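I have placed the structure first, in the form of C-alpha cells, so that the comments after it can refer back to it.
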Amino acid sequence: MKKRLTCITIFDETSLDKIKNVLSVLDNYSLCKVPYLKEPYTVENREDADTLPYHFTISYWDEENKEEAINAFNTINMKRIEILVEDVKIKQGNDNSFNMYFSFKTTDNLKEIQSQIYEITKNEKFNPSTYLSHISIHSDKDYDKLDKMRNMILENFEPFTVAFDKLGLFEIYPAKKVL
C-alpha cells in the first residue's frame with residue numbers, strides 16, 4: 001500500500017468520551033472508521049488498520065511530500081476550536097461502500113485552519129468551500145446495517161460539542177504519529 005501523511009484533529013479527552021458515550025449503543029457492533037480505499041491505497045484488514053482516534057481529516061499528502069507536509073504543519077496557527085455535533089448521517093463512500101458519520105456546524109476558526117492548509121496543499125478534495133467535514137463512525141458496504149445503527153444512535157441523540165486545540169500529522173494505515 002502507498003503511504004499517506006494525514007492531518008487530523010486531536011480531540012481532547014472529554015470530547016472523545018462524549019463520542020464514545022454516544023456510540024455506546026453500538027457496543028454489539030465492531031466499528032471501523034477506515035474507508036474502503038482505491039489502489040494503490042488499499043488496506044488488507046481495515047479493522048487492524050483502524051488505529052486513529054475519532055477525528056476529522058483536514059488534508060493529506062502522499063508520502064513523497066513528507067517534508068512539505070511537515071513544513072506546512074509547522075506553520076499552522078492553532079487555537080482551541082469547539083464544534084457542535086448536530087446529527088448522524090450516511091454518505092456514499094468508495095468501492096460501493098457507505099460512511100456513517102457525525103455532522104457538525106463549521107465555525108469561522110475551523111474554516112481558517114482548513115484554509116491555511118488548503119492554501120499550501122491545493123488539495124481540491126479538502127477545499128474548505130466544498131469539502132464535507134465530518135467525523136467518521138463506521139464504513140460498511142451494507143447500507144441497511146448502517147441505517148439500523150444510525151437509528152439506534154439517534155434514538156436518544158442530543159447535539160453535543162467536541163473541542164481540540166491541536167492537530168496531528170500521521171502516517172496511515174496503520175497510524176503512526178509523525179507530529
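These numbers come from the heavy atoms of this one structure, side chains and all, not from hydrogens, waters or symmetry mates. Bear in mind that the values here come from a model prediction, so they are computed numbers and not experimental data.
You'll find the side chain of I135 stays beyond 4.5 Å of the side chain of H55, heavy atoms only. Side chains of Q92 and F98 form a contact here, defined as non-hydrogen atoms less than 4.5 Å apart. Proximity of N156 to V25: side-chain heavy atoms (C-beta onward) are nowhere separated by under 4.5 Å. Looking at heavy atoms from C-beta onward, M100 lies in side-chain contact with L26 at the 4.5 angstrom threshold. Side chains of E63 and R4 form no contact here, defined as non-hydrogen atoms less than 4.5 Å apart. The shortest side-chain heavy-atom distance between T161 and I83 does not fall under the 4.5 Å cut-off. Contact of the L167 side chain with the I76 side chain is registered, since non-hydrogen atoms from C-beta on lie closer than 4.5 Å.
When hydrophobic clusters are built by joining Ile, Leu, Val, Met, Phe, Trp and Tyr residues whose side-chain heavy atoms come closer than 4.5 Å, directly or via intermediates, Y101 is not grouped with V88. When the side chains of ILVMFWY residues are joined at heavy-atom separations under 4.5 Å, either directly or via intervening members, L31 and Y143 end up in a single hydrophobic cluster. I113 and L169 fall within the same hydrophobic cluster, where Ile, Leu, Val, Met, Phe, Trp and Tyr residues are linked whenever their side-chain heavy atoms come under 4.5 Å apart, directly or through other members. Under a hydrophobic clustering in which Ile, Leu, Val, Met, Phe, Trp and Tyr are joined whenever their side-chain heavy atoms come within less than 4.5 Å, directly or via other members, I120 and L110 fall into different clusters. A continuous path of ILVMFWY side-chain contacts below 4.5 Å connects I58 to L5, so both sit in one hydrophobic cluster.
Y118 carries K122 over the face of its six-membered ring, with the cationic atom under 6.0 Å from the centre and within 45° of the normal. For the pair K125 and Y131, the NZ or CZ position fails the cation-pi test of under 6.0 Å to the six-membered ring centre and within 45 degrees of the ring normal. A cation-pi contact links R46 to Y36, judged by a cut-off of 6.0 Å to the six-membered ring centre and 45° from its axis. Remark: K33 is positioned above the aromatic ring of Y54, its terminal NZ or CZ atom under 6.0 angstrom from the ring centre and at most 45 degrees off the axis.
Side-chain N/O atoms of E112 and N109 include no donor and acceptor closer than 3.5 Å. Between the side chains of D27 and S24, not a single donor N or O lies within less than 3.5 Å of an accepting N or O. For the residue pair Q116 and T75, no side-chain donor N or O sits within less than 3.5 Å of a side-chain acceptor on the partner. A donor-acceptor contact closer than 3.5 angstrom links the side chains of N99 and S136.
E44 CD: 12 or fewer foreign heavy atoms inside a 6.0 Å radius. Taking a 6.0 Å sphere around NZ of K105, one finds it holds 12 or fewer heavy atoms contributed by other residues, nucleotides or ligands. Atom CD of E67 sits in a sparse spot, with 12 or fewer heavy atoms from other residues, nucleotides or ligands closer than 6.0 Å. Enclosure of atom NZ in K166 is not indicated, since only 12 or fewer non-hydrogen atoms of other residues, nucleotides or ligands lie within 6.0 angstrom.
Between L23 and F102, the shortest heavy-atom contact is CD2-CZ, 3.8 Å. Considering every non-hydrogen atom in both L132 and H134, the closest pair reads O-ND1, 2.8 Å. Taking each heavy atom of F164 and M78 in turn, the nearest pair found is CE1-CE, 3.3 Å. Considering every non-hydrogen atom in both G168 and I10, the closest pair reads N-CG1, 3.5 Å. Contact detail for A49 and V43: the closest heavy-atom pair is CB-CG1, 3.5 Å. Taking both residues in full, the closest heavy atoms of M152 and Y29 are given as SD-CE1, 3.8 Å, listed atom of the first, atom of the second, then distance.
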Derivation of the side-chain hydrogen bond (donor to acceptor under 3.5 Å, both in side chains) call for E47 and S30: CA-CA 8 Å; E47 288 78 15; S30 293; over 6 Å; no
Steps toward side chain to side chain contact (heavy atoms under 4.5 Å, CB included) verdict (K79, D165): CA-CA 5 Å; K79 52 188 158 192; D165 59 7; over 6 Å; no
Derivation of the side chain to side chain contact (heavy atoms under 4.5 Å, CB included) call for I137 and I153: CA-CA 11 Å; I137 299 170; I153 295 169; 4.3 Å; yes
Intermediate values then yes/no, side chain to side chain contact (heavy atoms under 4.5 Å, CB included), D95 and K141: CA-CA 8 Å; D95 195 25; K141 292 192 175 191; 3.1 Å; yes
D87 vs L154, side chain to side chain contact (heavy atoms under 4.5 Å, CB included): CA-CA, chis, key distance, verdict: CA-CA 8 Å; D87 201 356; L154 290 176; 3.7 Å; yes
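With hydrogens and angles disregarded, a donor-acceptor distance shorter than 3.5 Å links the side chain of N74 to the backbone of I70. With hydrogens and angles disregarded, a donor-acceptor distance shorter than 3.5 Å links the side chain of N151 to the backbone of D147. Counting only distance, with no hydrogens or angles, the side chain of T51 and the backbone of A175 share a donor-acceptor pair below 3.5 Å. Looking only at distances, a side-chain donor or acceptor of T121 sits under 3.5 Å from a matching main-chain atom of I117. K89 places no side-chain N or O within donor-acceptor distance of the main-chain N or O of S103, the cut-off being under 3.5 Å. In terms of modelled atom types and a separation under 3.5 Å, the side chain of T6 and the main chain of Y60 share no donor-acceptor contact. Put simply, the side chain of S97 never gets that close to the backbone of S139: no donor and acceptor are under 3.5 Å apart. Within the 3.5 Å criterion, the main-chain N or O of D48 finds a donor-acceptor partner in the side chain of N45. A donor-acceptor contact shorter than 3.5 Å is absent between the side chain of T57 and the backbone of S59. Judged by distance alone, with hydrogens and angles left aside, the side-chain atoms of K111 form a donor-acceptor pair with the main-chain N or O of P128 at under 3.5 Å.
Aromatic ring centroids of F160 and F104 lie 6.0 Å or more apart.
Here C7 contributes atom SG and F56 contributes atom CZ; the two are 9.5 Å apart, rounded to the nearest 0.5 Å. Once rounded to the nearest 0.5 Å, the distance linking OG1 of T130 with CG of N127 reads 4.0 Å. Rounding to the nearest 0.5 angstrom, the gap separating the CD1 atom in I90 from the NZ atom in K145 is 12.0 Å.
Using a cut-off of 4.0 Å between Lys/Arg side-chain N and Asp/Glu carboxylate O, K66 and E171 are scored as salt-bridged.
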